[in-house]
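Take a look at the structure set out below.
Counting starts at 1 for both ligands and their atoms, in listed order.
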Amino acid sequence: MSIADNIKSLKKETANISVKLIAVSKTKPVEDVQAAYNAGQRLFGENMVQELVEKYEQLPKDIEWHLIGHLQSNKVKYIAPFISMIQSVDSLKLLQEINKHAEKSKRVIDCLLQIYIADEETKFGLGFDEAIELLRSAEYADLKHIRIRGLMGIATNTDNEKQIKDEYYELKTFFDGIKQSFFRKESSFDTLSMGMSADYKVAIEQGSNMVRLGSTIFGQRVIKHWKNN
Ligand SMILES: *Cc1c(COP(=O)(O)O)cnc(C)c1O
């Protein structure tokens with residue numbers, strides 16, 4: 001199926017449930033992003049700052065770009081003027097840096113706290129306790145140019161569906177608790193980003209309202225360096 005067909009069938013699949021679809025275009029050429037755009041897709045996710053900036057410059061300006069990969073503090077300045085959402089906030093220090101550059105751009109940047117739920121050493125993210133500590137801190141209370149919209153999590157890369165289900169269940173439970181404790185009066189705390197190509201159906205069953213799909217839309221990623229495509 002073509003990229004356009006994939007977008008259309010995913011839109012159909014999610015038509016009756018309130019789940020936002022992020023098309024993860026990392027490593028894929030701008031032509032592929034444009035094809036998805038032409039099929040009506042407007043939300044795109046990237047995990048590398050340089051690739052994101054170059055695609056932003058070449059593509060239509062009504063695209064909403066989401067950063068979904070680990071962000072180094074010294075690179076925040078390149079995306080602060082235009083990014084729609086940073087899903088991969090994993091420290092107070094990073095949040096402070098985002099706030100600083102958002103202020104320079106006269107913006108308030110929407111962010112998700114990335115929560116560590118996988119049984120793997122390599123995934124970034126805050127532990128449950130660390131997220132609570134961040135939200136309780138006086139430093140966080142001072143930040144006026146970021147807005148925490150919710151949480152993001154990546155499940156373990158495994159065939160064990162029960163394990164994935166348990167990890168997403170745990171994140172949904174945590175999300176509900178955080179909403180109740182810290183954002184009861186803020187309706188903008190509304191986003192639970194969980195689910196990738198391999199596990200998005202399980203994620204939706206467990207309460208996800210934002211899925212990040214790459215290979216389901218664009219095909220497998222074989223080439224690592226998108227510019228050499
Ligand atoms: C690459 C990536 C995705 C999409 O992965 P697919 O398996 O291709 O759907 C989703 N979320 C994050 C954080 C990613 O890095």
inquiry  = If only side-chain N and O atoms count, and only distance matters, is there a donor-acceptor pair under 3.5 Å linking Arg212 with Ser193?
reply    =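 A donor-acceptor contact under 3.5 Å links the two side chains.
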key: Short side-chain donor-acceptor distance under 3.5 Å, Tyr200 and Glu13   =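 A donor-acceptor contact under 3.5 Å links the two side chains.
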[X] versus [Y]: any side-chain heavy-atom pair under 4.5 Å?
{"X": "Asp90", "Y": "Tyr116", "value": "no"}
{"X": "Lys172", "Y": "Met194", "value": "yes"}
{"X": "Val108", "Y": "Lys144", "value": "no"}

message = Using modelled atom types and a 3.5 Å cut-off, is there a donor and acceptor pairing between side-chain atoms of Asn6 and backbone atoms of Ile217?
response =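 Checked: pair present.
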ask   = Can you name the residues that come within less than 4.0 Å of ligand 1, going by heavy atoms only?
value =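 The 4.0 Å shell around ligand 1 contains Val24, Lys26, Ile68, Ile154, Met196, Ser197, Arg212, Leu213, Gly214, Ser215, Arg221.
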